[in-house]
Number of protein chains: 2
Amino acid sequence: MNSPTSQERLFSIAAVARDTGLSMDTLRVWERRYGFPTPERDVHGERVYPAGQVDRLRLIRRLLDSGRRPSQVVGLGPDALAALLEPEAPRSQGPSPAGRATEELVALLRLHRSAELATALNQALLKQGLQRFVVDAVAPLNQEVGEAWLRGDIQVTEEHLYTEQVQNVLRRAIGMQAASGSRPHILLTTLPEEQHGLGLLMVEATLVPEGASCLSLGPRMPLADIARAVEGGDFDVVGLSFSLAYPARQAMEHLAELRALLPPTVEIWAGGGGLRARSRAIPGVRIITELGGALEALREWRQARPDSGPRTAHLPGA
Amino acid sequence: MNSPTSQERLFSIAAVARDTGLSMDTLRVWERRYGFPTPERDVHGERVYPAGQVDRLRLIRRLLDSGRRPSQVVGLGPDALAALLEPEAPRSQGPSPAGRATEELVALLRLHRSAELATALNQALLKQGLQRFVVDAVAPLNQEVGEAWLRGDIQVTEEHLYTEQVQNVLRRAIGMQAASGSRPHILLTTLPEEQHGLGLLMVEATLVPEGASCLSLGPRMPLADIARAVEGGDFDVVGLSFSLAYPARQAMEHLAELRALLPPTVEIWAGGGGLRARSRAIPGVRIITELGGALEALREWRQARPDSGPRTAHLPGA
DNA sequence: ACCGGTTTTTGTCCAGGACAAAGCACCTCT
DNA sequence: AGAGGTGCTTTGTCCTGGACAAAAACCGGT
């Protein structure tokens, strides 16, 4: 009860791993190789990290996520780290990457303005309609929030608040759409190491108005269970979302694995920022690089099976 | 493409850890101590688990969750494991613990009946009203689903589906309630190791109709960030939810830690199945053992500050 | 029957080594 | 000059086998 702020708090290696997203192995090997972090030891000889080093590790994590390599940044002092993080912003200096509306919404991302944020989101939804709302409002907001978080302009709490509010709006809107039962039947989920579930809702919000039957299982579904669900479920498509934070290498690997588990008649659509077109394509897996691509995939699927959907094409010609 | 089913699939230790919830350390130490699992080795000498052993590990995990100890069950053959899992059911043989309505809902928990499930949930909500819906329908359903999952009656996908649907219903209902802005201001979240976010929504759904201003940050918020949010946020209460799956020991520990971080004027309300009244109370932390307790806490808070809420008491007498 | 102390069980952490996959620079061939 | 291969460096993950503390189970005494 003395002075909780003055005496710096200490964290176990497991706690640090949780808070930073770095594995315990990585933390130990960095210490060995780069001389940072330099945890103290408790009575039992176990690593104990002061809060300052944890913060520094978080900065490093941000730099890694934005493309740097560990040898460049681990072991840099706090000031040097800050200097590296700053120049990120002006790289797209001209007209702000997101529209003005987006910026105004970001400004509402403070805890005491949550109600206003909800109102603004709902208004945008009403004005634009669900699909355009997702593409024109939520998607750029997502990106902006992500970047702001990378820069440290936004607190964890505010990022969570944002996620919650958008989720509320999207879920309500999706619920409004009557379940059509028409084809294709799409199973939506993410792989187990995915952290963010928002992308899933965005896809669902895009597809449901088109009359597709989406069944969302939420995030973090083991591969084997996806396969089992598809076996007994009469699905045409499995849709997967990969956020930017997704461990890049594993994505393709797991997709290939899943492809092997599913019957070839079931398509796999995979999308999201975590799938930059780095690797070559996997046969039988459709990579969707932007939100609109989901609509395109849907259209093509229906064209290939003209007997399925109730309202396949709007115009006979185009 | 030969025969994907005949040749058993192989999993890396990391994959098994993800799928079973056991840590890699635990998997290795079990192998050393109990002689199970017995993974093969790949070209590089790394452990490689056949699918059969992974399934067996999942069974073991269930038994551990239901109270057994590793020495009893690790190393048991598949048949012995199944025998142990079976007798769980008839223990509450009489009138089914959950009402009939609950059982009917559980029966809808199949992937191809998701629409019916949603409809049934919504009907129940309309009939009972939000608060009673949470207490009388969702809470027993939660428990029933949890038990069914433990017994293996329910697939992972179905459990996720349930969570998604209930979330949809609750979020919509909560959104309907106009934000009152009146006291108390409650910050709702869970600690980082919490897996389930449903409890949070249930609390919110209970409190919002009473005119409390709830701000939910969703699950998995680091302690430090909770403290930072409260500092600048004008909150009266921090509400935390602990599911049954929460690592029991750490709960009290972390609550004490959080209590030290927050100003003493801010109350902490903690509830959920993860807090069996095992340990002694922490001063300044209110442990809420059942859902109704949240309402009670709210009432007492307002009684202690008669000037705050707009509609504190309904009747002057009782 | 309950309670305090002792023993067993069990998960986590440690050190330090090894290696493959990814990234990167350089070089060659068309 | 660009496409593509080759070799070096970086980096995260996995390995072994040991140690130990917290929790659970046990046990004997009142």
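By convention in this document, chain letters (A, B, ...) are assigned in the order of the sequence lines, proteins followed by strands, and residues within each chain are numbered from 1. Fair warning: this is a prediction, and the values are worked out from it, not measured in the lab.
- Residue B/His44 places at least one side-chain N or O closer than 4.0 Å to OP1 or OP2 of C/dA20.
- Rounded to whole Å, the distance from CG on B/Leu10 to P on D/dC14 is 15 Å.
- Between the CZ atom of A/Arg68 and the P atom of D/dT11 there is a distance of 14 Å, rounded to whole Å.
- The side chain to side chain contact (heavy atoms under 4.5 Å, CB included) test with A/Arg259 is passed by exactly one of A/Leu262, A/Leu255, A/Leu261: A/Leu262.
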Is there a side-chain hydrogen bond (donor to acceptor under 3.5 Å, both in side chains) between B/Gln53 and B/Thr38 once you walk through the steps? CA-CA 8 Å; B/Gln53 295 199 16; B/Thr38 52; 3.0 Å; yes

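- In this structure, the ring pair (Phe, Tyr, Trp, His ring centres under 6.0 Å) partners of B/Phe242, at least two apart in sequence or on a different chain, are B/Tyr246.
- As rounded to whole Å, 14 Å separates atom P of D/dC14 from atom CD of B/Glu31.
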Polar atom pairs (N or O), protein with nucleotides 10-14 of chain C, under 3.5 Å:
unit_1, atom_1, unit_2, atom_2, d
C/dT10, OP1, B/Pro70, N, 3.2
C/dT10, OP1, B/Ser71, N, 2.9
C/dT10, OP1, B/Ser71, OG, 3.2
C/dT10, OP2, B/Tyr34, OH, 2.8
C/dT10, OP2, B/Ser71, N, 3.3
C/dT10, OP2, B/Ser71, OG, 3.4
C/dG11, OP2, B/Trp30, NE1, 2.7
C/dG11, N7, B/Arg33, NH1, 3.0
C/dG11, O6, B/Arg33, NH2, 2.5
C/dT12, OP2, B/Ser23, OG, 3.0
C/dT12, OP2, B/Thr26, OG1, 3.1
C/dC14, OP1, A/Arg47, N, 2.7
C/dC14, OP1, A/Arg47, NE, 3.1
C/dC14, OP2, A/Arg28, NH1, 2.5

Evaluate the salt bridge (charged side-chain N to carboxylate O under 4.0 Å, His left out) criterion for residues A/Arg228 and A/Asp225: first the C-alpha distance (whole Å), next the side-chain angles of each, then the deciding distance (0.1 Å), finally the verdict. CA-CA 5 Å; A/Arg228 210 175 311 165; A/Asp225 294 291; 3.8 Å; yes

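- Straight-line distance from the CZ atom of B/Arg18 to the C1' atom of D/dT13: 14 Å, rounded to whole Å.
- Between B/Pro70 and B/Leu64, the shortest heavy-atom distance links the atoms N-CD2, 3.6 Å.
- Remark: B/Asp55 engages B/Arg58 in a salt bridge, criterion side-chain N to carboxylate O under 4.0 Å.
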